[in-house]
There are 2 protein chains.
Amino acid sequence: MNRKVLVADDEEDVLDLVSANLKSAGFTVLRAADGAEAIAKARRELPALLVLDLMLPEMSGIEVCKALKGDPATAAIPIIMLTAKAEEVDRIVGLELGADDYITKPFSPRELVLRVKSVLRRLTGDSDPGDQLKVGNVTVDRARHQVRVKNRLIDLTATEFKLLTLLFERRGRVQSREQLLRDVWGYESMIDTRTVDTHMRRLREKLGGGSDCIETVRGFGYRIAEE
Amino acid sequence: MNRKVLVADDEEDVLDLVSANLKSAGFTVLRAADGAEAIAKARRELPALLVLDLMLPEMSGIEVCKALKGDPATAAIPIIMLTAKAEEVDRIVGLELGADDYITKPFSPRELVLRVKSVLRRLTGDSDPGDQLKVGNVTVDRARHQVRVKNRLIDLTATEFKLLTLLFERRGRVQSREQLLRDVWGYESMIDTRTVDTHMRRLREKLGGGSDCIETVRGFGYRIAEE
DNA sequence: CAGCGGTGTCACGCAATCGTAACATTTCCA
DNA sequence: TGGAAATGTTACGATTGCGTGACACCGCTG
């Protein structure tokens, strides 16, 4: 499947941020700094999706959108619009310029990645293997919020699920309790680090035989075993 | 077969966009900028289908619809309505207006083309499985705006219908309350996420035994059961 | 104008879930 | 080998999330 995503924005910072996040989500990122470049690259590379800033120098995102949607060769490329103000959304939506989704700045990179995946999933008709994380006989399906051990469905609570997902995403790397608290519970959680232990125990219990993949690294934290 | 499609919208951009996409899908496109022109061209050209914006200057899409459906010469022309809000859908479909289908803005051009093809196919007698979503003993018919449980017709409100349809389209995947608010209610609805709960409850109530397919995923949102 | 259906919000209560402390066990190193 | 530190385990009170019923609002219709 084509994993190329073209990102068009005139701000270097935005471009960097978006690129980094899309890359870590497994996409190949192409960049464009203005409208003309965006159109040229879209025609040449035929990306799976285009993230397009509404405000571009020279040629606005709207024009780029129209140009691409008007050309049979590129009309099928879905477009996600970036827009600065919420008020503009009204206008865009009213005009309906053929974008497939919109995000208003400021946006969280995580949100963008989710949106990109969502749009691609919608178009390619469901199954997105990128949302399946598998280690040993344990499979995590993020979109469905389901965990399976040897194809048997395991019922996890919200925190357990988030914890397991995070560990799977960072498979092989040790995660300290502090890190886990920050990333699973939130930025300023005033929660005892020992709480993590309890949740790990519950996870292991529920995973049963599948819990082999969770390793304790004494003095540091926890880690998911590499294959 | 007649491949002419008449598109009526006062926004130049929308007209361009829709035309381009329909053309690349193999249709011959006629354009109209207001209601009077739409009626005139429909009578003269007898297109195979009419895409009609609900909000037109001078004469609203509703009036155009009534006029065409009231004239034996044009009554057979199927009409797809473009509308901004979900609430309006109730009055458009199934009632005396006689529109054959509708699309709520924002829509992707791709979606429109699919809908046009679907309506045409339906008229030529071919069944169109794409319009029927079935899970368990619950069937959602998007075009007719109808929901059945064990072949018994269920009366849903506009919001309930859109909510259910969205969940069905994303069967298996968990939808957060925020996502549902965004996709069902609109982009910047300042509505409490708990409101979703209430609508889910009403949905379940109305679906009765069929409500088994709606699963609550504690801490995340809702999901339609697979199989 | 009153009645009505559709909608959004609120308060209550139950049950699942969470966080913590206390206790048990393992690991490591002097 | 013994003791301290780290981790596993257990139990329990506190919290949270969600279902439920009630109610107010609003546009529509007769």
Side-chain angles (χ1 to χ4, degrees), chain A residues 145 147 154-164 166-167 174-186 188-208 211-223, chain B residues 62 83-97 145 147 154-167 174-182 184-186 188-208 211-223:
Chain A
H145 276 275
V147 175
I154 303 292
D155 183 48
L156 294 186
T157 70
T159 13
E160 286 159 5
F161 185 86
K162 277 195 272 189
L163 187 58
L164 185 65
L166 201 89
L167 285 167
V174 178
Q175 303 296 307
S176 74
R177 292 174 173 70
E178 289 77 10
Q179 244 173 325
L180 292 172
L181 276 182
R182 254 208 331 275
D183 298 341
V184 173
W185 275 260
E188 280 199 39
S189 63
M190 299 173 301
I191 289 177
D192 192 31
T193 57
R194 290 305 309 283
T195 298
V196 178
D197 294 32
T198 305
H199 280 274
M200 293 303 290
R201 193 193 79 73
R202 289 172 184 152
L203 247 184
R204 283 171 162 156
E205 193 173 56
K206 288 188 180 177
L207 291 185
S211 69
D212 300 341
C213 64
I214 304 180
E215 298 174 341
T216 304
V217 183
R218 193 183 169 82
F220 292 99
Y222 297 93
R223 170 180 59 194
Chain B
I62 293 181
T83 169
K85 296 189 177 182
E87 300 91 70
E88 296 170 342
V89 169
D90 250 1
R91 291 180 297 147
I92 299 171
V93 181
L95 298 187
E96 77 281 3
L97 289 177
H145 218 240
V147 174
I154 302 293
D155 182 48
L156 294 185
T157 70
T159 321
E160 286 158 4
F161 182 82
K162 201 167 182 200
L163 186 58
L164 187 66
T165 306
L166 202 90
L167 285 166
V174 173
Q175 304 295 308
S176 73
R177 292 175 172 69
E178 290 76 14
Q179 252 173 319
L180 291 172
L181 275 182
R182 220 188 100 81
V184 173
W185 276 260
E188 67 244 270
S189 64
M190 297 174 302
I191 290 178
D192 191 18
T193 58
R194 286 306 306 282
T195 299
V196 178
D197 294 30
T198 303
H199 281 271
M200 281 299 186
R201 184 175 68 81
R202 288 169 185 154
L203 247 184
R204 283 171 162 157
E205 212 167 63
K206 288 188 179 178
L207 291 184
S211 70
D212 299 341
C213 65
I214 303 180
E215 298 175 341
T216 303
V217 183
R218 196 184 165 89
F220 289 103
Y222 296 92
R223 168 181 60 196

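The sequence lines fix the lettering, A, B, ..., with proteins before strands; numbering per chain opens at 1. Hydrogens, waters and symmetry mates are skipped; everything else that's a heavy atom, side chains included, is used.
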Hey, does [X] reach any base, or is it just sugar-phosphate, or nothing, if we go heavy atoms under 4.0 Å?
{"X": "A:Arg177", "answer": "sugar-phosphate"}
{"X": "A:Thr157", "answer": "sugar-phosphate"}
{"X": "A:Arg204", "answer": "sugar-phosphate"}

Shorter than 3.5 Å, N or O on both sides, protein versus nucleotides 25-27 of chain D: list them out with atom names.
none

Checklist line | Comparing A:Asp197 and B:Thr198 on DNA chain D - which has the more 5′ nearest nucleotide | finding: A:Asp197
Checklist line | Separation of atom CD in A:Glu160 from atom C1' in C:dG19, rounded to whole Å | finding: 13 Å
Next item on the list: Quickly work out the B:Arg202 CZ to D:dG19 C1' distance and round it to whole Å.
Entry: 13 Å
Notebook entry, point to check: Can you list the residues that meet the side chain to side chain contact (heavy atoms under 4.5 Å, CB included) rule with A:Val217, with sequence neighbours excluded?
Noted result: A:Val174, A:Phe220, A:Arg223
Next item on the list: For B:Glu178, enumerate each residue passing the salt bridge (charged side-chain N to carboxylate O under 4.0 Å, His left out) test, keeping only those at least two apart in sequence or located in another chain.
Entry: none
Item checked: Contacts of type salt bridge (charged side-chain N to carboxylate O under 4.0 Å, His left out), residue B:Asp212, not counting sequence neighbours -> none
Item checked: Closest to the A:Tyr222 side chain, choosing from C:dG19, C:dG8, D:dG8 -> D:dG8
Item checked: Partner residues of B:Arg194 under the side chain to side chain donor-acceptor pair (under 3.5 Å) criterion, sequence neighbours left out -> B:Asp197
Next item on the list: Side-chain contact test, heavy atoms from C-beta onward, threshold under 4.5 Å: evaluate it for A:Arg202 versus A:Leu163 and give yes or no.
Entry: no
Check: Using a heavy-atom distance cut-off of less than 4.0 Å, which residues of residues 212-221 of chain A contact DNA chain C?
Finding: A:Arg218
